[in-house]
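Here is the naming used below: chain letters follow the sequence lines, and residue numbers restart at 1 for every chain. Values in this document were obtained by computation on a predicted structure and should not be read as measured data.
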Protein chains: 2
Amino acid sequence: MSRRSSTRERILDAATDLFGLRGVEAVSLDVIAGEVGVAKQTLLYWFPSKDDLVQAVLESAVLELSVGVEAAIRATSDDPLDRIDAVVKAVFRQAVRRPALLGLVREISRLSAPSGDRLHEAFEPLVARAVGYLEREMAQGRLRRADPRLVAALVYATVTGIATEPEALRAVGWQPTTADLRALRSELLAFLRAALAP
Amino acid sequence: MSRRSSTRERILDAATDLFGLRGVEAVSLDVIAGEVGVAKQTLLYWFPSKDDLVQAVLESAVLELSVGVEAAIRATSDDPLDRIDAVVKAVFRQAVRRPALLGLVREISRLSAPSGDRLHEAFEPLVARAVGYLEREMAQGRLRRADPRLVAALVYATVTGIATEPEALRAVGWQPTTADLRALRSELLAFLRAALAP
DNA sequence: GCACCTCTCTACCACATGGTAGAGAAATGT
DNA sequence: ACATTTCTCTACCATGTGGTAGAGAGGTGC
């Protein structure tokens, strides 16, 4: 019982990092097992197939992301721009602390349709809340009026695009250091404020 | 001579699409060869190893992207916001016409460091020009003053984030149709205008 | 004590992968 | 006409993959 959750947890943990950073297809069960320090068979005992492991990793990652973001929202003033700030900061914080988490979102979008649908389902409640929230704030004139679904998609794409791929930003001469990432985040927030202020 | 370039070209073409859409590790040489309709050996004749093929695909993709963007810039009025519009539209156009192109950029950022460096080198001239351009326009007060490298990185990340991953946007309830992608692009342009106007 | 259940292991398999060896066709130069 | 180079093929190989079979260690209930 004690070892039970421990081993399963450690496998899930290592798989999250490896899948998120290197890609699902690029990481073999052997590599994950080696990282955890168990036999591959042990891994296949807990997760009957690689696909099962991928699904489990996905679910736990989405959960972790959602929880972090929701907590950030609640702990902020009710000014909509402040809340958007909080969400962006929360996502960036997680991107720095555990780059694989957002990498997984990107990764899974590339996988088969069923996975994509499950991802959608997992995010659905969070997105619905966000859209409803934006709608209300826009109606009250506290945000520039626009299609809230568009704004949500835009913020989502922008934040994940930046936070997920500091490596990709090297292509435009960027250094993926924490300090530079923070500067980039500040600039992004300024952008969002300018674009969303009423 | 006639078949020469033809076969090589067709291999490069198919590999670009497959690598960009499914990922480099997920696509085997057999699949590419099958798609082109030649034997795997023929493929290995033109590109001695898979890695050589990847490098060649990368170079041609960057070239194609750069050419498209530069052409869009030249054919526009000299208002900086119009030019940014033109770049964004050019990238989106390419994203619709050939989704694999931008997918490759994302894909390669995940590969080994040497590839990332080569990607950087390939983009270097284009980026240097863009940064210099932004700097001049900001100095003349035609754009909001900011760190041009930051702005370049931000625009790059945003545009590729959206244009590359319509599939990922399904996670936030988005439909990756052409019409919706266009609406998203319009919203993005409004964002950029609001954020960059002086 | 003993059956039972949970957990991890070694040994093995069928299959797909990237890559090699080398032969045969087809164009090309002289 | 002949030799040579260019190009594509079939056959094969070593390796790594996801997955199976089944045994053994260690605790738990009765």
Side-chain angles (χ1 to χ4, degrees), chain A residues 1-60 104 107-108 110-115 118, chain B residues 1-60 104 107-108 110-115 118:
Chain A
M1 196 74 124
S2 62
R3 279 219 296 233
R4 172 180 207 148
S5 48
S6 159
T7 300
R8 213 193 108 102
E9 207 76 11
R10 277 159 55 217
I11 292 172
L12 208 58
D13 221 52
T16 300
D17 287 332
L18 290 169
F19 284 159
L21 295 178
R22 299 193 209 163
V24 171
E25 294 99 341
V27 175
S28 70
L29 298 185
D30 280 298
V31 167
I32 301 172
E35 190 70 23
V36 178
V38 300
K40 178 175 65 171
Q41 225 318 309
T42 304
L43 191 152
L44 282 166
Y45 168 77
W46 292 105
F47 305 92
S49 76
K50 186 177 183 178
D51 203 61
D52 288 308
L53 177 58
V54 171
Q55 294 299 340
V57 163
L58 166 58
E59 274 171 34
S60 85
L104 267 176
E107 185 63 21
I108 273 118
R110 230 189 38 200
L111 300 180
S112 55
S115 290
R118 296 190 68 171
Chain B
M1 195 72 125
S2 60
R3 280 222 295 236
R4 172 179 208 146
S5 47
S6 160
T7 301
R8 212 192 110 102
E9 207 77 11
R10 276 160 55 217
I11 292 172
L12 208 58
D13 220 50
T16 299
D17 286 333
L18 290 169
F19 284 160
L21 295 178
R22 300 193 208 162
V24 170
E25 294 100 342
V27 174
S28 69
L29 298 185
D30 280 298
V31 169
I32 301 172
E35 189 71 22
V36 178
V38 300
K40 178 175 66 172
Q41 225 322 307
T42 304
L43 192 154
L44 282 165
Y45 168 78
W46 292 105
F47 305 93
S49 77
K50 187 176 184 178
D51 203 63
D52 288 309
L53 176 58
V54 171
Q55 294 300 339
V57 164
L58 166 58
E59 274 170 36
S60 84
L104 266 175
E107 185 62 20
I108 273 120
R110 233 188 38 201
L111 301 180
S112 55
S115 290
R118 296 190 67 172

Taking side-chain hydrogen bond (donor to acceptor under 3.5 Å, both in side chains) as the definition, give me every residue that meets it alongside [X], ordered by chain and number, with sequence neighbours left out.
X        : value
Ser28(B) : none
Asp30(B) : none
Asp13(B) : Arg98(B)

Rounded to the nearest 0.5 Å, what separates atom CH2 in Trp46(B) from atom CG in Leu53(B)?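 That separation rounds to 13.5 Å.
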Rounding to a whole Å, what distance do you find between [X]:[atom1] and [N]:[atom2]?
X        : N       : atom1 : atom2 : result
Phe47(A) : dT8(C)  : CZ    : P     : 12 Å
Glu25(B) : dG18(C) : CD    : P     : 11 Å
Arg10(B) : dC7(D)  : CZ    : P     : 14 Å
Leu53(A) : dT17(D) : CG    : P     : 15 Å
Asp30(A) : dT15(D) : CG    : P     : 15 Å

Net bend of the helix from dG1(C)-dC30(D) to dT30(C)-dA1(D), end axes of five pairs each, nearest 10 degrees: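 The angle, to the nearest 10 degrees, is 0°.
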Is the phosphate of [N], meaning OP1 or OP2, less than 4.0 Å from a side-chain N or O of [X]?
X        : N       : answer
Ser28(A) : dT17(D) : yes
Tyr45(B) : dT8(D)  : no
Trp46(B) : dT8(D)  : yes

Could you tell me which residues satisfy side chain to side chain contact (heavy atoms under 4.5 Å, CB included) with Leu44(B), sequence neighbours excluded, listed by chain and number? Leu29(B), Lys40(B), Gln41(B)
Taking [X] for the side chain and [Y] for the main chain, is one N or O donor matched with an acceptor at less than 3.5 Å?
X        : Y        : value
Thr42(B) : Val38(B) : no
Arg22(B) : Val27(B) : no
Asp17(B) : Ala14(B) : no

Give the nucleotide from the list [options] with an atom nearest to the side chain of [X].
X        : options                 : answer
Val38(A) : dT6(D), dC9(C), dC9(D)  : dC9(C)
Thr42(A) : dT8(D), dC9(C), dG18(C) : dC9(C)
Ala39(A) : dT17(C), dC9(C), dC9(D) : dC9(C)

Between Phe47(B) and Arg8(B), does a side chain to side chain contact (heavy atoms under 4.5 Å, CB included) hold up when you go through it step by step? CA-CA 9 Å; Phe47(B) 305 93; Arg8(B) 212 192 110 102; 3.5 Å; yes
Counting primed atoms, P, OP1 and OP2 as sugar-phosphate and everything else as base, the B/S/- map of nucleotides 19-25 of chain D against protein heavy atoms under 4.0 Å is BBB----
